[in-house]
Amino acid sequence: MELVYKGKTKDVYKLEDGNVLLTFKDDVTGEDGVFDPGANTVGLTIEGAGQSGLRMTKFFFEKLADKKIPTHYIDADIENATMTVKPAMIFGKGLEVICRFRAVGSFLRRYGAYCEEGQPLDAFVEVTIKDDDRNDPPITKDALAQLGILTEDEYVVLEKLTKEISIVVKEELAKKGLELYDIKLEFGRDPEGNIMLIDEISGGNMRVYKDGVYVAPLDLEKLMLA
């Protein structure tokens, strides 16, 4: 297999059959040793985070498959912390799509003059560009279209899928007495040009609380899959 890309939390390999292998690392995003799913730098290393993230990802991707929601998932090897996925074409140099149910993180930092921390939001969707040098800036639907990153029709699909996926995750968490505050997703085009969910769904890309107290990624996996 051929190494294609070394990422912050995963490495990507091209397989001989045309599919892709993702290897999950123990690194998580954050700053100064504090986890933050919205950060664009590796903030700390947590032993077992890779396998934990993969177990959560497998759980949620299989839930989405049951609901016929398109993803790149094929199968997972928990012991080796690897996941086999379909090849995908990313949008531009990469986009991240956030669905917010409460005002926290970068949303609160930007709009704190108009909202209180933890204020409920109605599945608010926003898109950011993956650009470390510019701190992953938000981008509008019109800008995405005018820059040729994705069409207005694709944006509608992207937004719809983001809400559908986020609500599935929110409902599964609620079964365990957990509340999803926000989640960060990534999408790409499959070989036929259809939009599908890519990357992962784990404690490393969401903020979850229990009784108003934040739940760390490894603790979340234990609470969800116990």
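The NZ atom of K222 lies 12.0 Å from the CG atom of L225; values are rounded to the nearest 0.5 Å. A distance of 7.0 Å separates CD1 of I201 from CZ of F60, quoted to the nearest 0.5 Å. For the atom pair SG of C99 and CG of L161, the computed distance is 12.0 Å after rounding to the nearest 0.5 Å. Rounded to the nearest 0.5 Å, atoms CZ (F61) and CD1 (I198) are 8.5 Å apart. Atom CD of E186 sits about 8.5 Å away from atom CD1 of I90, to the nearest 0.5 Å. We find the CG-CG distance between L150 and L95 to be 6.5 Å, quoted to the nearest 0.5 Å.
Placement of I98 and I183 in two distinct hydrophobic clusters is found when ILVMFWY residues are connected by side-chain heavy-atom separations under 4.5 Å, directly or transitively.
Summarising the local packing, CD of E62 is surrounded by more than 12 heavy atoms from other residues, nucleotides or ligands at distances under 6.0 Å. The number of heavy-atom neighbours closer than 6.0 Å to CG of N194, taken from other residues, nucleotides and ligands shown, is above 12. Around the NZ atom of K25, the shell of radius 6.0 Å holds more than 12 heavy atoms that belong to other residues, nucleotides or ligands.
Between T84 and N19, the side chains place no donor N or O within less than 3.5 Å of an acceptor N or O (distance only, hydrogens not considered).
Ion pairing of K10 with D199 is present here, as a side-chain N (NZ or NE/NH1/NH2) and a carboxylate O approach within less than 4.0 Å. Here E221 pairs with R55 in a salt bridge; the nearest charged N to carboxylate O distance falls below 4.0 Å. Between R189 and E154, at least one side-chain nitrogen of the basic residue sits less than 4.0 Å from a carboxylate oxygen of the acidic one, meeting the salt-bridge criterion. Checked for salt-bridge contact, R110 and E126 meet the test: a charged N lies under 4.0 Å from a carboxylate O. Under the 4.0 Å criterion applied to side-chain N and carboxylate O atoms, E159 and K141 are not assigned as salt-bridge partners.
Cation-pi geometry between R207 and Y181 is not satisfied (NZ or CZ under 6.0 Å from the ring centre, within 45° of the ring normal). K170 forms a cation-pi arrangement with F101, by the criterion of a distance under 6.0 Å to the ring centre and an angle within 45° of the ring axis.
At a threshold of 4.5 Å between non-hydrogen side-chain atoms, the residues F24 and E200 count as touching. By the 4.5 Å heavy-atom criterion applied to side chains, V169 and M206 are counted as neighbours. The shortest side-chain heavy-atom distance between V20 and L15 does not fall under the 4.5 Å cut-off. In this structure, the side chains of K163 and V125 come closer than 4.5 Å at one or more pairs of heavy atoms. You'll find the side chain of D136 reaches within 4.5 Å of the side chain of E96, heavy atoms only. Within the 4.5 Å cutoff, the side chain of K176 has no heavy atoms near those of the L223 side chain. Within the 4.5 Å cutoff, the side chain of R134 has no heavy atoms near those of the T128 side chain.
Without hydrogens or angle criteria, D26 side chain to E47 main chain gives no donor-acceptor distance under 3.5 Å. For D131 (side chain) and D133 (main-chain N/O), a donor-acceptor pair under 3.5 Å exists by modelled atom type. Counting only distance, with no hydrogens or angles, the side chain of T57 and the backbone of G53 share a donor-acceptor pair below 3.5 Å. Remark: side-chain polar atoms of N205 are paired, donor with acceptor, to backbone N or O of S202 under 3.5 angstrom. Although no hydrogens or angles enter the test, the distance criterion places a donor-acceptor pair under 3.5 Å between the side chain of Q51 and the main chain of E79.
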With side-chain contact (heavy atoms from CB on, under 4.5 Å) as the criterion, how do V127 and L158 come out once you've worked through the C-alpha distance, each side chain's angles and the decisive distance to 0.1 Å?
CA-CA 10 Å; V127 181; L158 192 77; 4.2 Å; yes
Under the side chain to side chain donor-acceptor pair (under 3.5 Å) criterion, do R100 and S106 qualify, and how do the steps go?
CA-CA 11 Å; R100 302 184 184 277; S106 61; 2.9 Å; yes
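Closest heavy-atom contact between A76 and Y73: N-OH, 3.5 Å. Contact between F187 and T162 at its shortest, heavy atoms only, is CE1-OG1, 3.3 Å.
Between F124 and F107, the ring planes are perpendicular. Angles over 60° get that label, and only those under 30° would be called parallel.
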